[in-house]
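Each chain gets a letter, A, B and so on, in the order the sequences are listed, and its residues count up from 1.
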Amino acid sequence: MKVWWLGLAACLGLQAQGSSLVFRGARLIPVSGPEVPEGTLVVEGGKIRAAGAASGIQVPPGARVIDVRGKTIMPGLVDTHSHIGAPAGADASAPIQPDVRILDSLNVRAASLQKARSGGLTTVNIMPGSGHLLSGQTLYLKLREGKTVEDLLIQLPGGRVAGGMKMANGTNSRRAAPFPGTRGKSAALVREQFIKAQEYRAKLQQAGEDESKKPPRDLRMEGLVEVLDGQRVVHFHTHRHDDILTVLRLRQEFGFKLVLQHVSDAWLVAPEIARAGVASSLVLLDSPGGKIEAKDINFGNAAALERAGARFGFHTDDSVTDSRLFLRIAALAVRAGCSRQKALEGLTLAGAEMLELQDRIGSLAPGKDADFVILSGDPFSVYTHVEQTWVEGRKVFDRADPKDRLYQTGGYGASHDEADHSELHGEAEAGR
Amino acid sequence: MKAWLLWGALALPAAAQLAVRGDSVYTMDGPPLRDGVVLIRDGKIERAGAAREVAIPAGYRTLRARVVTPGLIDAHATVGLSGWLNQPHDQEHVDRSAPVQPELRAIDAYDPRERLVEYLRGFGITTVHTGHGPGALVSGQTMVVKTAGRTVEEAVVVPEAMIMVTLGGQGLESGAKAPGTRGKAAAMLRGELIRAQEYAGKREKAEAGKEPARDLRLDVLARVLRGELPLLVTAHKAYDIMTALRLQKEFGFRLVLDGAAESYLVLDAVKAAGVPVIIHPAMLRTWGEAENLSRETAATLKAAGIPLAMQSGFESYVPKTRVVLFEAAIAVKHGLRFEDALAALTIDAARILGVDRRLGSLAAGKDADLALYDGDPFEYATHCTGVVINGQVVSDTPR
């Protein structure tokens, strides 16, 4: 009886996800396998149940069939470096702040999230800025419809919330003391803190289960211990060729998991990056310069890493580039010689791997989350629009809906956050 | 004499005689040519026509491309003044010592060897309208230059093109400096123009030798009042656009609207005023006064019959310059017709800048500025495969 009730509750709660949805007739780009000209995608319970040629797929009885002939379906885009939702991490009090969480600063009602959905993004790594050597804990979010940040979190086995750690070197983090004034000092400060964290971790290990022997809790050290233990990937902002090598050196010394972020000079040190076996998350800018470290950035970074055999993907760094044009970044990489397949992976599966979520997202494979994008045409054509974005079997963007379309094209009010003053004003009046 | 002429002809670089053959040639001087040929002689367009009708004379070097267009025109940039590295030493687009400085000439501040000039050229941009940028009430002059030339003298097409005015927040000063508000900014601008009216009147009426002393600033504004130099007014908010139109009505100067993010809100007024619009970059960040920009505005303005050109504008960070071709592509993505976008990048821009007798189309007698592409120029993965300026191949590296 109890079991039956539980089952019913689950059915009611997941009604929208429980029934099957079948998308029929679209060209499927699974990314993990060959493209299917007129394929079928079956979604059930928020997961992909099947994706492939129509002939090999049985449509479940009672399924809602959606005709998507002429469209293209690819996995939801994974943005490995974004600043949507007005995240505010570390403050100006210290250069290294591993205790600070983006979780505690995010406005998920910001227009920037809806714009990101309109660009086909379904998973984002939201990061604090690069004005610190270490600016805080990043957050991997699913762009589900939600009113609180909790609605968008990715829960990991063991109760942790998915996220990484943001670090930076080069010029952005150079300021008046206590911030570093030189590159040498930057690396020294980072090494000093990692060594402290190693010692803190050793004390914890020696204490074992004996609470009385444990060192007092230290939130900053706990954040770094998660990095040393491989529970948090370090997303390391780095531009200049020698700064990139400094990051590789630090990783060698402390053994943390690493994704290189931006990597503007990747084309100069691609073999070294490949040899280190480290993934790079690239942003492509419409012109070089604007800051000294980006003076040599070019569209060829992806192709250079591909030739060297290094893993890479893309990011928007929104608002440095616009989430609504994330597909364009990969297309520009193709313009400069990156293969189409690697460019597609760079928007999806490669990003999923960088966030260690490749078992759940990044391709149209059975069992994965039903995160996908319906496009009007080829992903790398300027004429293509994102028509719909789906997260875990629910539609979160529809270009046919005028309200959604406003976010995609821009226009009056498209940049107003949902919880802007007019709404707060209304709530205040209602309360009076 | 004859020998001198001969010597002159021989002194021309060997590639001066050039033929460009394209699967599609958009001359912007008639319908596009399928399998077209453009003949170039001594730096000018000699003739453009269908390949079956235009024979390529012996001795002409022939370039081939899928798509050929006139060299693209960036109708408003700061490139060459606002430099690549974005350090104080290479930023020349705004001087902050005074809010009204129409006497600042762009030709005195332009670096023709700036890396970003060469960068833009590689994508087929052969002409830029550049100079002092938005950021002060009247920041200075603009000019029209080709993206080739070792000196500004070699590059320049129009040394004094327009006077740069910024209405709205970007043109305001902070602290106790004026203008601190929109009302003050408009009052100051009116005051300057009235002073220029009086100055010009006195100089005209004065007996020879008794003219008022020359005032560089008022000299320039008097030329604005005479209709010789348009005001290029950057305004994004609808009410700032209306202020620009109001001032234009009062003083009768030639007005070119720039940016104009909210122009779609006051479309009828813009159309009635008969002013052209150099629309903001389609990918401009949706911040501050441009937060309500729509990527469909270029299409909206075109549909309303408002003269339209495209710009790279000014960027304070990365990317240091936008590429007007890429911006037009996003306007096309959002409803601007292919050929309207191409017109906005070529002949329509040339008309707005007053250089259409020399530039903007592949008509006989015009400057031989061409861009060659290996496909639809607006497609993300198409390359610019060749660039010709004044009949010289200045780039042949696919970009």
Where the side chain of [X] meets the backbone of [Y], is there a donor-acceptor pair that is under 3.5 Å apart?
X: B/Arg285; Y: A/Val320; answer: yes
X: B/Trp84; Y: A/Lys295; answer: yes
X: B/His334; Y: A/Thr409; answer: no

Residue A/Lys342 excluded, over 12 heavy atoms near NZ under 6.0 Å: no
Proximal to chain B - members of residues 324-333 of chain A, heavy-atom separation under 4.5 Å: A/Arg324, A/Leu325, A/Arg328, A/Ala331, A/Leu332
If you count heavy-atom pairs within less than 4.5 Å of chain A, which of B/Tyr119, B/Trp287, B/Tyr264, B/Tyr317 leads? B/Tyr119
Considering all heavy atoms, the nearest [X]-[Y] contact:
X: B/Phe123; Y: A/Phe299; answer: CZ-CE1, 4.2 Å
X: B/Ala381; Y: A/Val334; answer: CB-CG1, 4.4 Å
X: A/Phe380; Y: B/Glu379; answer: O-OE1, 3.9 Å

Are the charged groups of A/Asp322 and B/Arg295 less than 4.0 angstrom apart, N to O? yes
Looking at B/Lys320 and A/Asp286, is there a salt bridge between them, counting it only when a charged N and a carboxylate O are closer than 4.0 Å? no
Which bit of A/Asn298 comes within less than 4.5 Å of chain B, counting heavy atoms only: side chain, backbone, both or neither? neither
Where does A/Thr384 contact chain B at under 4.5 Å (heavy atoms): side chain, backbone, both or neither? backbone
